[in-house]
Amino acid sequence: MSSSPVVCKSPRVTIVGAGRVGSTLAQRIAEKNLADVVLLDIVEGMPQGLALDLLEARGLELHNRQISGTNNYADTANSTIVVITAGFPRKPGMSRDDLLKINAKIVVEAAKNAIAHSPHAIFIVVTNPLDVMTYLTWQTTGLPRNQVMGMAGVLDSARFETFIALELGVLPADVKAMVLGSHGDLMVPLARYATVNGIPITELLDAATIENLVARTRNGGAEIVELMHTGGAFFAPASATSLMVESILLNQSRLLPVAAYLQGEYGLNEVVIGVPCRLGCGGVENILELTLNDEEKAALQTSANSVRQNIQRAQEILSTVDDR
């Protein structure tokens, strides 16, 4: 008795941009055995070479995920998740917002091409300035807001946790923190919600020390850029994105700070900004509204206003490009 072979389909994650963040993310996803990976980049040969290099490590890392590289969006068809890392990185002295003009067109083109081949995918944006690029991706794809998000708060919270752990000399895994707002100088680290094994850091550190840790968190990306001179962070951003991918693919419903499109939450509308979200197989399954004090509310509003201004600038830039 003969039967047709069963075709088992694995989840597929496409990573647009095979630079340091993209290639490290591909490694994280494959070695966690989360999904097959497609690396896409405009540079001919580079994603193919990186994919082959990662394939040759499969036997050593004990996984059997398919990893491919391409310059053609058709090869990304039917992706479960699309991660956009493409764009220019910061250089010393540059802010994330300085990248607005350079990266807006790149991200819009990437989103347009990716959605054409994976109309049901969930999109995660990593390119800076992240909140604006996430908004442009949502606008370009026309997807429901739960299917488009930005990686920001997970990374910023991890940095805050790291600095707290270093200050106290404790295990980083015992530290839990939450950072809201935009991915930039106006982010809102919530010291009141930061704990070490459930103990608020306000009982372990004085106010001046906490303020220094908050300031270092806000400057976390720039600190690395200044040290490296020729690039920015990529290990921690890749790990943060990988955690989001894992929560979605495994339907873990983890509560993570994510750049999401708001429709009334926190009194904010029509803006993408970092807030606590539950991530599962549907993407952003719900948004948790924390109780904020007046100072935190004002800081979040200031952060949102800055993002709105940059969204408007980005749309004006794109409109000028389209009119040519």
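- Between Glu270 and Arg308 there is no salt bridge, since no side-chain nitrogen of the basic residue lies less than 4.0 Å from a carboxylate oxygen of the acidic one.
- In terms of heavy-atom proximity, Ala30 sits nearest to Val37 at N-CG2, 4.4 Å.
- Contact record, Leu292 with Arg192: CA-NH2, 4.0 Å, taken as the closest heavy-atom pair.
- Salt-bridge formation is detected for the pair Arg145/Glu265: a Lys NZ or Arg NE/NH1/NH2 atom is positioned less than 4.0 Å from an Asp or Glu carboxylate oxygen.
- Across all non-hydrogen atoms, the minimal contact from Thr137 to Ala111 is CG2-CB, 4.0 Å.
- Closest of all the heavy-atom pairs between Asp131 and Gly274 is OD1-N, 4.1 Å.
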When the side chains of residues 45-57 are checked against the rest of the protein, which donor-acceptor pairs come out under 3.5 Å, sequence neighbours left out?
from: Gln48; atom 1: OE1; to: Gly45; atom 2: N; distance (Å): 3.1
from: Gln48; atom 1: NE2; to: Asn71; atom 2: OD1; distance (Å): 2.9

Exercise. Check step by step if side-chain contact (heavy atoms from CB on, under 4.5 Å) holds for Leu136 and Gln139.
Key: CA-CA 5 Å; Leu136 294 178; Gln139 188 178 57; 3.9 Å; yes

Identify all side-chain donor-acceptor contacts of residues 170-182 below 3.5 Å with residues at least two apart in sequence or on another chain.
from: Ser182; atom 1: OG; to: Ser303; atom 2: OG; distance (Å): 2.8

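- Note on Leu186: it does not cluster hydrophobically with Val275, by side-chain heavy-atom contacts below 4.5 Å among ILVMFWY residues.
- Leu290 CG: more than 12 foreign heavy atoms inside a 6.0 Å radius.
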Exercise. Before giving the answer on side-chain contact (heavy atoms from CB on, under 4.5 Å), spell out for Thr70 and Val38 the whole-Å C-alpha distance, their side-chain angles and the decisive distance to 0.1 Å.
Key: CA-CA 7 Å; Thr70 185; Val38 181; 3.8 Å; yes

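- In terms of heavy-atom proximity, Val271 sits nearest to Leu268 at CG1-CB, 4.1 Å.
- Closest approach of Leu143 to Ala121, counting heavy atoms only: CD1-O, 3.6 Å.
- A donor and an acceptor atom, one from each side chain of Asn305 and Thr302, are nowhere located under 3.5 Å apart.
- For Asp294, the CG atom counts as loosely surrounded, since its 6.0 Å shell holds 12 or fewer non-hydrogen atoms of other residues, nucleotides or ligands.
- For residues 29-45, the salt bridge (Lys or Arg N to Asp or Glu O under 4.0 Å) pairs, not counting sequence neighbours, are Lys32-Glu246, Asp36-Arg65.
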Quiz item: Can you list the steps and then say if Arg216 with Asn219 is a side chain to side chain donor-acceptor pair (under 3.5 Å)?
Solution: CA-CA 5 Å; Arg216 189 177 183 188; Asn219 194 51; over 6 Å; no

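- By the neighbour-count criterion of 12 heavy atoms within 6.0 Å, atom CZ of Arg278 is densely surrounded, having more than that number from other residues, nucleotides or ligands.
- Between Tyr261 and Trp138, the ring planes lie parallel to each other; the angle is under 30°, not in the 30° to 60° tilted range.
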